[in-house]
Each structure stands twice: as structure tokens, then as C-alpha cells.
Amino acid sequence: MISTLPTTKMANAIRALAMDAVQQANSGHPGMPMGMAEIAVALWSGHYRHNPANPKWLNRDRFLLSNGHGSMLHYALLHLTGYDLSMADLKSFRQMHSKTPGHPEVDVTPGVETTTGPLGQGLANAVGMALSEQLLAAEFNRPGFDVVDHHTYAFLGDGCLMEGISHEVCSLAGTLGLNKLIALYDDNGISIDGKVEGWFTDDTPKRFEAYGWNVIAAVDGHDVAAIDAAITAAKASAKPTLICCKTIIGKGSPNLQGGDKVHGAALGDKEIAAVREYIGWDAAPFEMPADVYAAWDGKARGRALEGEWDERFAAYAEAFPVQAAELARRMRGDLPAAFDEVLSAAIAACVEKKENIATRKASQNAIQALAPTLPEFLGGSADLTGSNLTNWKECVAVRSGQPGNHINYGVREFGMSAIMNGIVLHGGYIPFGATFLTFSDYSRNALRMAALMKLRSIFVFTHDSIGLGEDGPTHQSVEHVSSMRLIPNLDNWRPCDTLESLVAWGAAVKRKDGPSTLIFSRQNLPFQERSVEQIANIARGGYVLNDVAEAQAILIATGSEVELAVAAASALASEGIRVRVVSMPSTDVYDRQDAAYKASVLTKGVPRVAIEAGVTDFWYKYVGLEGAVVGIDSFGESAPAGVLFKHFGFTVENVVAKVKSVLAA
């Protein structure tokens, strides 16, 4: 029989709630919550600074469950410590519209900081949060006023460490010296397929030591005092810390603990009864003894912690009113009052200049125009700054011990994107990070998570098509833009010139309910003339760029192909064929417009031809099966851009022929 010491009883409360909720749902992962229960006791009862009454308190510690399949651990902790998560919510585990979904979801469950489940990304988000804390502290703290001063804690398992993203982000965290990041590793040696020794024999402590982390190895994950001491030591370190906790998965299940069968399935009524007897737990399912609630209750401590910070911040605001107001604004996610005015002035200047440049350069110009009024800009690139052009004149590189506003992420596209998501979740910054469009494949799941979480992450992708040229098919994006358009709630912008690039940047910065991709060309593109009304309509995602009376056909194009559409329309006009040109920099934004506006752009009954240097399937939703698409349904070739566009049919002659074919149909 296991001892009934107070901390053991607290841990057993987690075990009981986890196994009962999974059993009722007949779905879930009881093994991790039962195995990490003592680790949770040590962290949440002795170190984790939070206020259940105010889950969004600015200076709270951040807690992330990277091994998110064990979500009942987090839900049990939130319920027991006093968050707005009732026992009825726990009974609704994994049910429709409940506050306790299968994996933790931010803004669904109070106290959940990020959506986890895809393994490793929670750890990456934690790196982003720790980086945000470090940079904000350097920017806003003053002697005697540490108003930004908190830790980021992450629970993780073998699966997180097997995922390649863990290498990307932990390597960078060590290099940057993110000392307020503390990760607690559930080293139980079991994954769904069984004992990991058959496929995962890394020396994890040495691996993290090589990253530059402080490693506390061989901690008994069921000894609360030992874990508590390890966390105390971690908080004193000048490096990020990995605490390796040796645990037994499903601890407390007499017949299943230590094996893979407890990982991802309900225990069954017979084994649950055996657990109750084995750990000495007499309470009925979903009933909690009063002494357990009293031991776990974090409301009074939370009020005291936030109250002390409120007094500190009030004194800070009196001594440094400008900084206090700025910190509060940025943590709310509000833009500076002057932003719209600055954007409008930049648009006017852009129209006046009429530059014929690559849109990647137009993007840099947009950043340069907006950055002085956006101190929350936190730019970066995955080792391609000179190509992506995401730096600006005044930017300062982030280095270990040196705060700044531009991050050299190294060749870590996935890690960069997930770190950016963590930065947004923490608050205080609008991050943007860049790579070549073809490497969006590496980032894709982080883009999806940003869309799912409705984060203001801005993903910049350059070298957007066969226009890349000689690097060949490995680097020439063909399917990427269309595939990203399939992700719900992700706004994708592929602008055709300097003005559309600037408007796209403005839209991405202003959007608070989701991420954006900004997709730019390597090659120079001509400036397109527009009326005041047309300029205003760019922000609607699609608009009439060149119009004619009683159009016989409509050409729809994006990015570098808008130039081709304009030229083809002119050639057709010389033959007496009247063609409207529609520029559609963002199909996602266009699709959200009202029916009347969309009908004014794509007039019903008028034949349509779409032009984009990518796969054709996506465009049939706009041209119809009776329409035509000038695109590429193969991979590219190694050759200069001009040769490639001609080879793949991106010529005036081919577009003219396509228009005539749909008119003849």
C-alpha cells in the first residue's frame, strides 16, 4: 500500500480524476497524468505563480503541457486549484463543446496557455514565451521595478523529444540563454508502441548539456521533495533547465503501471477498482474530499501574488508612466493610436514612388515604413535574412545577453514558426519570421496551429514560384500557395506590386483573430496604376484592377502573374475582345466579402480564366468547370526565370488563346 502522506493524497486526487474522466469518456490517456502526478504536486503547490481568479494576469508564470495527450493532468490541476472549471466540466471530458477537449486548447479552458497535442510544439511555444519574457524584461524593467519577472514551465515526454522540432528549439534556447525556461521531462520509457528502448536510446541529459542547458538528471519523479529541490535549483540557474524525472507510467494502476497499455486507453472498471484499493482512495468517481480541495486551493495565494504585483506595477506606473502605459497596451494587443495614419501615409508615398521592384523588396520597404511606430515588431528569418529581407535599418539582433528585435533563427523553419506562436501567446510582440516559400512545408503544422489558436503570427515567404529560376524544382514552389489556402482561418497574401505588398502587411498587422502568410517574389514586378477606390479595395482581397464596359471575359491573377494578365487583356483589346482584369492577392479575404461585392468583381455569367504559377485545381472554384486556368501541374525546372515562364506557358499568346477558347465554348 502506498503511503498516505499529504502530498501523496494530493497526487492521488489527480490519478483518480484522470482515470475516472477517461473511463467515462471511454477515450483518453490516463497513463501520463497518473505518472506525472507527483511532479505536478511539486510544481503547482510550491513554485507555480498564478491566480486562478485571473488566468490572464500579466506577470503569471506560464505552464505548458507539451505532452498534451495527458490533458486530464492539466484539467485536474485547474479544477483543484480553483479555476473556473467545475466537476461537471471534468465529467464532460472529450465531449462536444465542453471546456475539457481531448487536448488542451487555449481560450477554451481557463488557465490553458496554448493548444497542444502535436508533440514538441508545446515545448517550442514555451521557448517563445521564455524569449518574450526575457526581451520584455530587458525593455521595461527598471531598477527596483521588475514588473516582468516570471518563469515558463513545460511538461514533456519521450514523444516530444523524439520530434525533430525539440532539437531546433532547445538548441536555440540554450544559445540564447533563456534561464527562466524550466522543462520537466517525464522519463517513463514508454510510448504507444511499447518500450522506447527499441527506437529511442538517446542520452538525453548529454544532449541538453550540449545545447547549453542546465541539466538535473536522475530525479525520482515520484518524490515530491526531490522534484521540489530540483525546481528550486533550476530557478537559480543562469541557463534553461531540463529536469529529468524518472517515472512509472500509470503509477497506481497495480496491473498496468509501467506498460504501454495504460498509455492511451481507459483502464476499465475492474482495474479502476483495483487502483482505488491500491492507492487507498475511497471517494466515489468525481467526488473529492474536502481536505484535498483545501490542500490544493490556490485562490488565496494567487490573490496575494497578484496583489503584490499590482502594488509594484502601480508604483512603476507612477515613476515611469510612459513605459507602464506602453507595456499595458502591448500586452492587450492593441496597435499604437498612430498606426492607421502611418499606414495611410506609407500607402500615399508608395503610390507616388511607383517602384518596379521585387515584392520581397517591397515587403522590406513596408517593414521599414511601419517599424518605427510598432515597437512590438519582432522580426526574424530562418538563415535567409539577406534573401527574405525581413530586417530594417534600426533593427537590433537578439543575442545571448543582448536584447533586440530581430531574431536569427538559424535553419530551423518549423522551430521558428512554433516559437513565433509562443511569442504571440505570451503577449507583448507581433512576431514575423521568414523563409523561402518551398520550405513552408517544414513549418506547416505550426501554421495550422497558429490558425487553430487564432494567433497574430505573420509568416513571410519569399521566392514564391518558378520565378526563383536556376535553383530548380527543389526550391520552386508549385503547390504550396494552394495548399496553405486549404488551412482554415489562415489569410494568405500574394501581392503583385509594392502597393499590394504594403496593404498586405497592414492587413496582417491589424488582424487580431488569426495568422497571415505574406508571399513575395524574387523577381522585379511592375507597379500597377489604380484609382482611390481600387486602392481601398485591395484590402478586400480581390478587386477589379482594369475594367471595360460589358466585359466578355474576366482574367483573375495573383502575384507576378497580374502583370501577364494586364498585358494579355491589352492584346485582346487590340483584337476587339473586352476583358476585365481582377487582381486577387488574398482569396481568403476575398471569400469573406459580402455577396454583392463579390458579384461586382466576378460578374455572374462572364467566362473566366485564372492565371497563377502553381497548381490549377484550386482555381476552378472561381472559374468554374467551363473556365480555364493557366498554371503548372508539374514540378519546375532549372533555368532562368524568363525561360521557365515561357516554357510553362506563362505568355501573352497562351493567355490570349485560353480566353478565346472559353469564349468559343
Side-chain angles (χ1 to χ4, degrees), residues 1-22 24 30 32-57 60-61 63 65 70-93 99-100 104 109-113 151 153 155 184 221-229 231-232 251-252 272 275-310:
M1 187 70 68
I2 293 176
S3 169
T4 55
L5 293 170
T7 54
T8 299
K9 192 170 184 179
M10 292 172 71
N12 286 341
I14 295 172
R15 293 187 171 99
L17 288 173
M19 68 179 184
D20 289 339
V22 171
Q24 176 146 313
M32 186 278 267
M34 297 176 74
M36 292 195 79
E38 281 83 9
I39 302 172
V41 171
L43 176 62
W44 277 62
S45 67
H47 297 274
Y48 184 49
R49 295 168 60 88
H50 63 119
N51 183 4
N54 183 12
K56 298 295 185 181
W57 169 36
R60 69 192 181 279
D61 288 340
F63 173 76
L65 199 72
S71 56
M72 266 309 302
L73 174 69
H74 203 174
Y75 300 150
L77 289 167
L78 293 169
H79 170 75
L80 292 168
T81 55
Y83 284 79
D84 182 19
L85 195 69
S86 67
M87 190 64 83
D89 292 320
L90 300 191
K91 290 180 180 179
S92 298
F93 178 57
K99 292 163 71 173
T100 50
T109 312
V112 169
E113 300 282 1
H151 287 82
Y153 297 99
F155 281 6
L184 294 107
H222 302 296
D223 184 336
V224 173
I227 302 161
D228 173 76
I231 297 171
T232 299
K251 176 76 169 176
I272 284 178
V275 172
R276 281 186 151 76
E277 181 179 357
Y278 186 69
I279 67 175
W281 190 262
D282 298 327
F286 300 107
E287 289 186 7
M288 196 56 50
D291 61 338
V292 171
Y293 275 128
W296 270 112
D297 191 354
K299 295 189 291 293
R301 179 172 178 265
R303 283 193 301 271
L305 289 170
E306 186 173 359
E308 182 276 328
W309 182 85
D310 285 342

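Start at 1 with the first residue, then count along the sequence. As the structure is a prediction and not an experimental result, all values here were calculated from the model.
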Exercise for the section: Specify the closest pair of heavy atoms between A295 and M10, including all atoms of both residues, with the distance to one decimal. Expected result: O-CE, 3.8 Å
Exercise for the section: Not counting sequence neighbours, which residues clear side-chain hydrogen bond (donor to acceptor under 3.5 Å, both in side chains) with Q24? List them please. Expected result: none
Practice task
Measure across L17 and A76 and return the closest heavy-atom pair with its distance rounded to 0.1 Å.
Solution key: CD1-CB, 3.9 Å
Fill in the blank from the handout: For R60, the salt bridge (Lys or Arg N to Asp or Glu O under 4.0 Å) test, sequence neighbours excluded, returns E113
Handout entry: Partners passing salt bridge (Lys or Arg N to Asp or Glu O under 4.0 Å) against D89 (at least two apart in sequence or in another chain)
Key = K99
Handout entry: Any donor-acceptor pair under 3.5 Å from R15 side chain to A37 backbone
Key = no
Practice task
Using ring pair (Phe, Tyr, Trp, His ring centres under 6.0 Å) as the criterion, list what pairs up with H50, not counting sequence neighbours.
Solution key: W44, Y48, Y83
Exercise for the section: State the CG-CG distance between N51 and D61, to the nearest 0.5 angstrom. Expected result: 12.0 Å
Exercise for the section: Heavy atoms only: give me the nearest P289-A283 pair and the separation to one decimal. Expected result: CD-CB, 4.2 Å
Completion exercise
CZ (R303) and CG (N54) are apart, to the nearest 0.5 Å, by 12.5 Å
Practice task
Give, for atom CE of M32 and atom CE of M72, the distance between the pair rounded to the nearest 0.5 Å.
Solution key: 11.0 Å
Practice task
Go through V292 and K9 one step at a time and tell me if the side chain to side chain contact (heavy atoms under 4.5 Å, CB included) criterion holds.
Solution key: CA-CA 7 Å; V292 171; K9 192 170 184 179; 3.8 Å; yes
Problem - Results of ring pair (Phe, Tyr, Trp, His ring centres under 6.0 Å) for F286 - residues two or more places apart only - result: none
Practice task
Would you check if I39 and L43 make a side-chain contact, meaning some heavy-atom pair closer than 4.5 Å?
Solution key: no
Handout entry: Closest non-hydrogen atom pair, P33 against G70
Key = CG-O, 3.7 Å
Problem - side-chain contact (heavy atoms from CB on, under 4.5 Å) partners of L305, counting only residues at least two apart - result: R49, W57, R301
Exercise for the section: Under the side-chain contact (heavy atoms from CB on, under 4.5 Å) rule, collect the residues that match up with T109, sequence neighbours excluded. Expected result: Y75, L78, L85, P101, V112
Handout entry: Partners meeting ring pair (Phe, Tyr, Trp, His ring centres under 6.0 Å) with F93 (sequence neighbours left out)
Key = none
Handout entry: Point-to-point distance, once rounded to the nearest 0.5 Å, from CG of L184 to CD1 of I231
Key = 5.0 Å
Problem - Partner residues of H74 under the side-chain hydrogen bond (donor to acceptor under 3.5 Å, both in side chains) criterion, sequence neighbours left out - result: none
Practice task
Under the side-chain hydrogen bond (donor to acceptor under 3.5 Å, both in side chains) rule, collect the residues that match up with H47, sequence neighbours excluded.
Solution key: D228, K235
Practice task
Give the minimum heavy-atom separation between A13 and L80, together with the two atoms involved.
Solution key: CB-CD1, 4.2 Å
Problem - Approximate separation, where rounding is to 0.5 Å, of H222 NE2 and T7 OG1 - result: 13.0 Å
Problem - Non-neighbouring partners of S71 that pass side-chain hydrogen bond (donor to acceptor under 3.5 Å, both in side chains), sequence neighbours left out - result: none
Handout entry: With K299 via salt bridge (Lys or Arg N to Asp or Glu O under 4.0 Å) - residues at least two apart
Key = D297
Exercise for the section: Report yes if the distance between the aromatic ring centroids of H151 and F63 is under 6.0 Å, otherwise no. Expected result: no
Fill in the blank from the handout: Here the pair of heavy atoms bringing I14 nearest to A40 is CD1-CB, 3.9 Å
